[in-house]
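Below you'll find the structure, written out as structure tokens, and then a few comments.
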Number of protein chains: 2
Amino acid sequence: MDVHLRELRYFVAVAEELNVTRAAERLFVSQPALSKQLRVLERQLGFGLFERVPSGVALTRQGEALLPVARDLLGRWAAGVEEARAAAPAGTLVIGMQTAVGRGLQQAALRRFRERLPGWEVSLRLVGWDDPSGGLSDGSSDVAFIWLPVPPGVRTHVVATEGRGVAMPADHRLAGLAEVPFPALRDEPFIALPAVAGPLRDFWLGLDARDDEPVVGVTANTPEEVFEAVTSGLGVVLVAEGNAELYSRPGLAYRPVTGLPPGELAIAWREGDRRPQVVAFIDALRQVATKV
Amino acid sequence: MDVHLRELRYFVAVAEELNVTRAAERLFVSQPALSKQLRVLERQLGFGLFERVPSGVALTRQGEALLPVARDLLGRWAAGVEEARAAAPAGTLVIGMQTAVGRGLQQAALRRFRERLPGWEVSLRLVGWDDPSGGLSDGSSDVAFIWLPVPPGVRTHVVATEGRGVAMPADHRLAGLAEVPFPALRDEPFIALPAVAGPLRDFWLGLDARDDEPVVGVTANTPEEVFEAVTSGLGVVLVAEGNAELYSRPGLAYRPVTGLPPGELAIAWREGDRRPQVVAFIDALRQVATKV
DNA sequence: CTTTGCTATAACCATTGGCTATGGACGTGC
DNA sequence: GCACGTCCATAGCCAATGGTTATAGCAAAG
């Protein structure tokens, strides 16, 4: 029969205390719970471990025989787990990012990731929008935080869904509005992602909500370039609500835009990539995102 | 953290098959159940044991490190249990009896007792009624099947409750009745237990149902003596219904008696006696009696 | 005889471990 | 490129388990 090591731990504690009540206190369970578990164990074994005497319990001959076995198993298990934990192949997980992630996600996920794969390091790298896969396509990133839509060959798990808004200079004529209807931006020059960004560039130009071609004032390849261009009056740009918070600065105004579906930020990985460090991070992030 | 050895057995099976589906078949559980258990184990450990690949699973470095630990624990546990089982102090349990026990009880209880304390032998000994404790008082029996009422210093667990009837010669004038009212026996000479049986002798004379003194024809000290006296026409005797079945013979008639409370057969042991072999037998009998 | 200390059982309830059904991912063959 | 087969993972459900509190039974001490 298979036994739970917890039952062995209970057995050892009772054997050392020779008193179920004291052992229960030591184990932080109630006395009836411990009494019951011992009875269950004895029944499973088919022989008694203790003789009940008025002052508590006494080990039977068979209990005496099993006690060192129980101690041995508990010790070997604890040591074995530590050894296995230390056997983690250390390395570096490269996380690509198109924008800062923030949103309380990455820190908690990284903690869980490191617990699961002790010894592993993490490298964060900002990837320009000229690579909409966040570095996955050329293998320079192991996982990446990127916005949908994503290129072929990439798998995703959405971790945040946010409304899109417009970032504009603080003195822009539309800055007086609480929220901006998308058609009001029809004639505004836009700051766009590079052409090679394809569908991603289209998304942040709002092409899903218009059928004419927007005016593109300038292209930018990183969030810093984008927001610098905005405050310099070179155009406006659609951004995710969360990013507006992350990149807020003097001279910049952000207003929600009505009439646009929201943007989705996802953790992404290469199709078919099941390496432990990738799976571990994705799982950690799933758990963290679920709790948010 | 404590683990169930069943989980380690699952881990080992999957590690050997490198395929959760095949391992599940080998373990006689469903594939989703096994998959789930592995996930739980990995989460408890805080690191992965397997990398999921298209053809099944591959052991991670940490899984490889833990595999021998798991095998070792399983092997040591199995061996330790066998060793402890064999450590049972062999001896002989002496069971005293005032009458044959029959009733399907003893055989099943003895089987369970032997399973729990392998190597122990059992000795059955018939104890005369001159000792109403069935041999417990002088320590010649470890446990005893005796009828209530019992002497001081004896603890009991009732295993059968049966109506009392009268045993008489087959040609007795009352043998024509289907059942005998107790007052009809008022003038019959009784076969009695020895005087030292005290309350037990009184009980089987039916003193709890009459206030005059019965006529005692003869005393007898064992069931054989009792029934031989009956068929020899020396008197009648109150007996338990089950005993009438056990001791039936030519020339003997048994009829239920109305107006008498039933008799109770119990397994008995000395007050304060918690020796393993005594507890084991009492427990075994409790389980058997419960299922009847 | 009463009180104290100890283990065991009953009733209850949240969690666990198993099931079936089915989804998602990947490789292979056409 | 699509359909199919194989594999693992998740969802929903339910019986069994492991914990609780309340309390019973037993033995020793005062």
Side-chain angles (χ1 to χ4, degrees), chain A residues 1-7 9-10 13-14 17-25 27-44 48-58 152-157 268-275 278-279 282-283 286-287 290, chain B residues 1-7 9-10 13-14 17-25 27-44 48-58 152-157 268-275 278-279 282-283 286-287 290:
Chain A
M1 39 91 41
D2 291 333
V3 71
H4 203 297
L5 294 190
R6 178 181 56 228
E7 288 182 275
R9 196 175 302 282
Y10 287 359
V14 175
E17 300 282 349
L18 295 180
N19 181 299
V20 175
T21 305
R22 282 203 306 270
E25 287 166 11
L27 295 161
F28 303 105
V29 297
S30 65
Q31 178 267 319
L34 185 52
S35 175
K36 186 178 173 184
Q37 287 294 63
L38 289 179
R39 280 298 204 184
V40 165
L41 179 58
E42 284 175 317
R43 186 173 305 137
Q44 285 172 331
L49 299 171
F50 298 102
E51 179 181 348
R52 276 66 174 175
V53 299
S55 59
V57 299
V154 167
R155 292 290 168 193
T156 59
H157 173 69
W269 62 97
R270 274 185 296 277
E271 195 168 356
D273 188 356
R274 289 186 178 184
R275 289 174 295 159
V278 169
V279 172
I282 305 298
D283 282 351
R286 283 181 196 271
Q287 289 168 26
T290 295
Chain B
M1 37 83 51
D2 292 333
V3 71
H4 202 297
L5 294 190
R6 176 182 59 226
E7 289 182 274
R9 194 175 304 280
Y10 287 178
V14 174
E17 300 282 349
L18 294 181
N19 183 299
V20 175
T21 304
R22 282 204 305 270
E25 288 165 10
L27 295 161
F28 303 106
V29 298
S30 67
Q31 177 269 318
L34 184 53
S35 174
K36 187 178 172 184
Q37 287 295 59
L38 289 180
R39 281 297 205 183
V40 165
L41 179 55
E42 284 174 316
R43 187 174 302 135
Q44 283 172 330
L49 299 171
F50 298 102
E51 180 180 347
R52 278 68 173 172
V53 298
S55 59
V57 300
V154 167
R155 292 288 169 196
T156 59
H157 173 67
W269 61 97
R270 274 186 295 276
E271 193 169 356
D273 189 358
R274 290 188 181 184
R275 288 174 296 160
V278 169
V279 172
I282 305 298
D283 282 351
R286 284 181 195 271
Q287 289 169 28
T290 298

Could you go through A:Val40 and A:Gln44, starting from their C-alpha distance and side-chain angles, then the distance that decides it, and tell me whether this counts as side-chain contact (heavy atoms from CB on, under 4.5 Å)? CA-CA 6 Å; A:Val40 165; A:Gln44 285 172 331; 4.0 Å; yes
Just how far, in rounded Å, is P of C:dT9 from CG of B:Asp283? 8 Å
Assign each of B:Asn19 and A:Ala33 the nucleotide of DNA chain D bearing its closest heavy atom; nearer the 5' end lies the nucleotide of B:Asn19
Can you tell me the distance, in whole Å, between the CD atom of A:Glu7 and the P atom of D:dT17? 11 Å
I need the CD-P distance between B:Glu42 and D:dT10, as an integer number of Å. 11 Å
Whole Å only: how far is the CG atom of B:Leu34 from the P atom of D:dC8? 9 Å
Taking atom C1' of C:dG24 as reference, at what distance in whole Å does atom CH2 of A:Trp269 sit? 11 Å
Across the strands shown, which category fits B:Tyr10 at heavy-atom distances under 4.0 angstrom: base, sugar-phosphate, nothing? sugar-phosphate
Taking OP1 and OP2 of C:dG18, is either one under 4.0 Å from a side-chain nitrogen or oxygen of B:Ser30? no
When you compare the side chain of A:Glu271 with that of A:Asp273, does any pair of heavy atoms fall below 4.5 Å? no
Given atom CD of A:Gln31 and atom C1' of D:dG25, what is their separation to the nearest angstrom? 13 Å
Comparing nearest nucleotides in DNA chain D, the 5'-proximal residue of the pair A:Pro32, B:Ser35 is B:Ser35
Taking for each residue the nucleotide of DNA chain C with the nearest heavy atom, is it A:Arg52 or A:Lys36 whose nucleotide lies nearer the 5' end? A:Arg52
Which whole-number value in Å describes the distance from A:Leu41 CG to D:dG19 P? 13 Å
Does any N or O donor sit under 3.5 Å from an N or O acceptor when you compare the side chain of A:Glu271 with the base of C:dA25? no
Tell me which nucleotide among C:dG27, C:dA21, D:dG19 gets nearest to the side chain of B:Pro54. C:dG27
Please determine if a side-chain N or O atom of B:Arg155 lies less than 4.0 Å away from the OP1 or OP2 oxygen of D:dA27. yes
Could you pick out which residue, B:Gln37 or A:Arg22, lies toward the 5' side of DNA chain C when each is mapped onto its nearest nucleotide? A:Arg22
Could you walk me through whether A:His4 and B:Leu5 pass the side-chain contact (heavy atoms from CB on, under 4.5 Å) check? CA-CA 6 Å; A:His4 203 297; B:Leu5 294 190; over 6 Å; no
Within less than 4.0 Å of OP1 or OP2 of C:dT7, is there a side-chain N or O belonging to A:Thr21? yes
Identify whether the distance between the nearest side-chain nitrogen and carboxylate oxygen of A:Lys36 and A:Glu42 falls below 4.0 Å. no
Among the nucleotides D:dG19, C:dC19, D:dA9, which one has an atom lying closest to any side-chain atom of A:Val29? D:dG19
B:Arg43/B:Glu7 salt bridge by N-O under 4.0 Å criterion: no
Quick one: is D:dG18 close enough that its OP1 or OP2 comes under 4.0 Å of any side-chain N or O from A:Arg6? yes
Using whole Å, report how far CD of A:Gln44 lies from C1' of D:dA16. 13 Å
